[in-house]
Every structure is written in C-alpha cells, then in structure tokens.
Amino acid sequence: MFSPSYRGRFAPSPSGPLHAGSLLAALGSWLLAKQAGGAWRVRIEDLDPPREMAGAAQAQLATLAAFGLHPDGEVVFQSQRHALYQQALDTLLAQGLAFECHCSRSDLAAAGGIHRRCVAGRSRPDPAIRLRVADGCSIAFDDAVHGHIVQRVDLEVGDFVLRRSDGLWAYQLAVVVDDARQRITEVVRGADLLDSTPRQILLQQVLGLPTPAYAHLPLLLDGRGRKLSKSSAALPVNQQQPLRTLTALWACLGQAPLPANALLALPDWQDAALANFRRQDVPTRAIALPAALHNAISTRCA
Ligand code: GLU
C-alpha cells in the first residue's frame, strides 16, 4: 500500500515523560504512516495547564527523537490554537447545537453523571458548554483493530462538555478541530480512547468535517493489571537502549521477531520494521508487561 495522501499523528498530553504505553502509540502511528508513504505529525495537547509538567513537552520530543521517530512538519501546540476551537464552538452555539449548562457533577450524580437535561439547582457565573446529543443518537464505525463499534451516545455519554466551567477546552472538541485542520486521514492511538471516538465522529458530523479512519492499539498494563499512565507509577521509557525497547514494543504490537541483523542499529531496525509490519496482527486485548518492567522495558511482552 502506498498512499502519499496518508497523514497520521501522535498527540501526547505533556503531563509527564513518555511511558511505554505512549511510546507504543507513537511507534504504531509512525509505522502505519511511514509504511503508507505518508506523513507523521506530532501535536502537543497542552490545553490543561493544571495537569501539565514543566518541560514535559520538550522531554517527550527528545524521547521520540532518541527512538528515531521524527515528525514531518512543524510540531503543533494546542495552546496556540484557541481561536480555532472558539470558532468551532461559536458555530455550534449559533446553530443551537451547543448550550450553556450550569449543572455540577453532584447535580448529575443521580443520573450516573450523564446529562440529558439541565437539573442545576442554581446558576453559576461560569457555566460549561455542552453539545446537545439527540435522543436515539447512535454512532457506528469500523476500527482497524477492534472491528465494528457502535455506541448509543445519548444513553452511554449524554450531552458532553465542549468547554469546561473552568474555561478550558474539552479534549473532544480540540482533537476534532485539529485532526480536521491537520487533514489527518487515520487516527492511531491507545484503546483507552476507543469510547471517545463516537463523540468525536458525532462532532465531525455536526461541524461538517471529514471522519478519518481509526485504529486503536492495545493498552499496556503494569504488573498489577493497571493501565500505564503518565500520572501514575509508569516511569519514563528507557531511551539508553532504544533497540531493546523497540523490540519489546514490536512484540506488544503482535509482530513476529525481526531478523537478528535488524537489531544492530536503529536505521536497520526501522527499515526491517517498515518492511515487515502487519496491521492485521495487532492484538485487540490489553497486554500485561511483566511486573516491574513497565518502567524500562527490557524483555518481550507476555
Ligand atoms: N492527548 C491524548 C493523550 O495523551 C491522546 C489524544 C489522541 O490521540 O487523540 O492521551
């Protein structure tokens, strides 16, 4: 398959250094983009200052470089794109598809946190803005790894937040605006975002934006079965021995071992990986890394 119009991306939030799970998403999206002869963009999703760690974005970019994952084009920072998100929000407000909402979490607790109508006991000076999700709204898509996915967005998610009551942009709005603006043709990321995808497709539909293809890669679990996350126990990936770490991640992607001569230098590894990567072999199930190895992968996946 060769498609010069393929555009993939990796979009980390700078809440900490890259751990093995985020590097897996970076590697998977890079492999698919490069194998298709396309472009691989990097976008730093820095829209939540309270959750950011100083210097994390630069550290993440340095880690990608240490693994030979070099972005095509300028790295985009969401913090510099507020006007684009505002424009999208204004469009939805003008069409009556978005509305101000004064409900707090506790107001919605009785409905399991799902908003179908406003039940706020009092109005707030700083309402959130939500997307109105029509009754019966069902979104279906075919994920390249997980197959056919259907979600009843009204029942499972409800009217969802586009701009938070603290004034910050919701991830769902920003990601949709940017994926369209950057003309991303396939979104490749971790399976923790599988259930966000129907919301994103719905937003694309109401904003008149194209829907990219989606491929959600397996989650990596730590020795206790918990998802690796930048904010929990997962420490940075070991970039001193990139080939060892890449070989472990390659196995996590369900790929057959590469020939020994590919394991000597990074460019050889990358050539062999691009020649041999088979997207149909990527597993759907979450993958447990051996206990205590999730910080610096040094062995094959279980
Ligand atoms: N910024 C999100 C994260 O770091 C990923 C968003 C995406 O790939 O759509 O988990």
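Counting starts at 1 for both ligands and their atoms, following the listed order. We count residues from 1, following the sequence as given.
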**Q** Classify the side-chain pair Ser29/Arg9 by whether it contains a donor and acceptor separated by less than 3.5 Å.
**A** no

**Q** Does even one non-hydrogen atom of Phe10 get within less than 4.0 Å of ligand 1?
**A** no

**Q** Test of understanding: given a 4.0 Å heavy-atom threshold, classify the contact between Asp192 and ligand 1 as side chain, backbone, both, or neither.
**A** neither

**Q** Of all the atoms in ligand 1, which lie at a distance below 4.0 Å from a heavy atom belonging to Arg189?
**A** 7 (C), 8 (O), 9 (O)

**Q** Flag the pair His115 / Phe99 as yes when their ring centroid distance falls below 6.0 Å, and as no otherwise.
**A** yes

**Q** Using a 4.0 Å cutoff against the non-hydrogen atoms of Tyr171, which atoms of ligand 1 qualify?
**A** 6 (C), 7 (C), 9 (O)

**Q** Quick one: do Arg122 and Asp107 make a salt bridge, cutoff under 4.0 Å?
**A** no

**Q** Do the side chains of Ile129 and Trp169 get nearer than 4.5 Å, heavy atoms only?
**A** no

**Q** Compute whether any side-chain donor of one residue and acceptor of the other, for Gln200 and Tyr171, lie under 3.5 angstrom apart.
**A** yes

**Q** Is it true that Arg278 and Gln255 share a donor-acceptor pair across their side chains at a distance under 3.5 Å?
**A** no

**Q** For Val175, take its heavy atoms, then give the atoms of ligand 1 lying under 4.0 Å from any of them.
**A** 9 (O)

**Q** Should one rank Glu45, Gln60, Arg43, Arg9 by closest heavy-atom distance to atom 6 (C) of ligand 1, which comes out on top?
**A** Glu45

**Q** Which of the atoms of ligand 1 are close to Ala11, meaning less than 4.0 Å from one of its heavy atoms?
**A** 1 (N), 2 (C), 3 (C), 4 (O), 5 (C), 6 (C)

**Q** Examine the proximity of ligand 1 to Pro12 and report which part, side chain or backbone, both or neither, has a heavy atom under 4.0 Å away.
**A** backbone

